[in-house]
Amino acid sequence: MCRARVIPIVIMVVMLVAKKILSRYFAIYHHLADTFLEKMQGMTTLKVYQNDSAAEQELAEESELFRQITMKVLTMQLLSTVVMAYGGAACGIVIALNNALNNLRQGQVSRQGAIILILLAASYFLPMRQLGSYFHIGMKASDHIFAFLDLPEKAAGQTSLPKKWP
């Protein structure tokens, strides 16, 4: 049963790597969005001073950086899903096979029962694998939501209408 403890450890390692990559991803995303908005708002000025090609080059470079980090995020998500899916299934099958063979040798279970245990072993770790796959997007999104909710609110001033109203 100690092999079953490996799956949460693998999930935690994947989560740490995912958190690092996703924090960098969102930082680059926000910087690109800010740069794009800045260039669009200043497009007239850029055109007047004939600096639009430099702005275009800057946006192209930042877009390429964003594309590269997006590919890293997608690769990380795919690899972690594969590791959790196939690793979890393999671990579950090995544990079930070991237990089923021990129980079969001791006469505690029939051959059909042992085969059923082995076939059902992959579904035993399904909740852990789903937890790992939902983590990648959900945790980062919740961090951004809570950061937004924690922003201080601007003090609302009380405005009074003038005594004489036209």
Side-chain angles (χ1 to χ4, degrees), residues 1-40 55-154:
M1 200 55 159
C2 71
R3 289 182 201 149
R5 294 183 188 125
V6 172
I7 292 174
I9 292 170
V10 170
I11 290 173
M12 290 302 295
V13 169
V14 168
M15 284 199 260
L16 292 174
V17 171
K19 189 171 187 174
K20 181 180 174 185
I21 291 174
L22 286 174
S23 66
R24 186 165 175 244
Y25 172 80
F26 280 109
I28 291 171
Y29 171 75
H30 289 297
H31 183 67
L32 178 63
D34 290 342
T35 303
F36 179 76
L37 181 62
E38 177 185 323
K39 301 298 181 207
M40 290 300 110
E56 178 187 0
Q57 181 63 30
E58 183 182 348
L59 275 174
E61 290 170 3
E62 288 188 27
S63 297
E64 178 61 22
L65 181 64
F66 181 68
R67 185 193 68 77
Q68 289 173 355
I69 193 73
T70 300
M71 290 300 115
K72 283 184 183 179
V73 167
L74 292 174
T75 302
M76 178 267 311
Q77 287 179 334
L78 179 64
L79 288 176
S80 66
T81 302
V82 166
V83 165
M84 285 185 255
Y86 294 115
C91 187
I93 289 170
V94 167
I95 291 170
L97 181 62
N98 187 26
N99 289 340
L101 290 177
N102 285 339
N103 290 338
L104 186 62
R105 281 187 218 125
Q106 295 171 0
Q108 296 174 347
V109 70
S110 66
R111 284 185 184 160
Q112 294 86 3
I115 291 171
I116 289 173
L117 284 174
I118 293 168
L119 293 176
L120 292 176
S123 355
Y124 178 76
F125 293 101
L126 186 62
M128 281 189 180
R129 293 193 312 254
Q130 286 177 338
L131 172 69
S133 64
Y134 292 146
F135 171 81
H136 298 299
I137 301 301
M139 284 303 292
K140 199 59 187 172
S142 68
D143 288 346
H144 283 287
I145 290 170
F146 287 124
F148 177 74
L149 292 175
D150 290 340
L151 289 175
E153 292 186 29
K154 293 181 181 177

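For the numbers below, each heavy atom of this structure counts, side chains included, while hydrogens, waters and symmetry mates do not.
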Peer 1: H30: what forms a ring-ring contact (aromatic ring centres under 6.0 Å, His included) with it, not counting sequence neighbours?
Peer 2: H144
Peer 1: Just how far is it from atom CE of M76 to atom CD1 of I69, taken to the nearest 0.5 Å?
Peer 2: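 The CD1 atom of I69 is 9.0 Å from CE of M76, to the nearest 0.5 Å.
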Peer 1: What is the distance from atom NZ of K72 to atom CG of L22, rounded to the nearest 0.5 Å?
Peer 2: 12.5 Å
Peer 1: Only counting residues at least two apart or in another chain, list the ones meeting ring-ring contact (aromatic ring centres under 6.0 Å, His included) with Y29.
Peer 2: F66
Peer 1: List the residues meeting side chain to side chain donor-acceptor pair (under 3.5 Å) with E58, not counting sequence neighbours, and say none if there are none.
Peer 2: K39
Peer 1: For the CG atom of L65 and the CZ atom of R24, what is their distance to the nearest 0.5 Å?
Peer 2: 6.0 Å
Peer 1: Between V17 and K20, is there a side-chain heavy-atom distance shorter than 4.5 Å?
Peer 2: no
Peer 1: Does a side-chain heavy-atom distance below 4.5 Å link E64 with Q68?
Peer 2: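 Yes, their side chains come closer than 4.5 Å.
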Peer 1: Got a second to check how far D34's CG is from E62's CD, nearest 0.5 Å?
Peer 2: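 That separation rounds to 9.5 Å.
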Peer 1: If you round to the nearest 0.5 Å, how far is OG of S110 from CG of N103?
Peer 2: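 Nearest 0.5 Å value for the CG-OG distance: 10.5 Å.
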Peer 1: Tell me the closest heavy-atom pair linking T70 and Y25, and the distance in Å.
Peer 2: OG1-CE1, 3.2 Å
Peer 1: Give, for atom CG of L74 and atom CD1 of I21, the distance between the pair rounded to the nearest 0.5 Å.
Peer 2: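 Here the interatomic distance stands at 11.0 Å.
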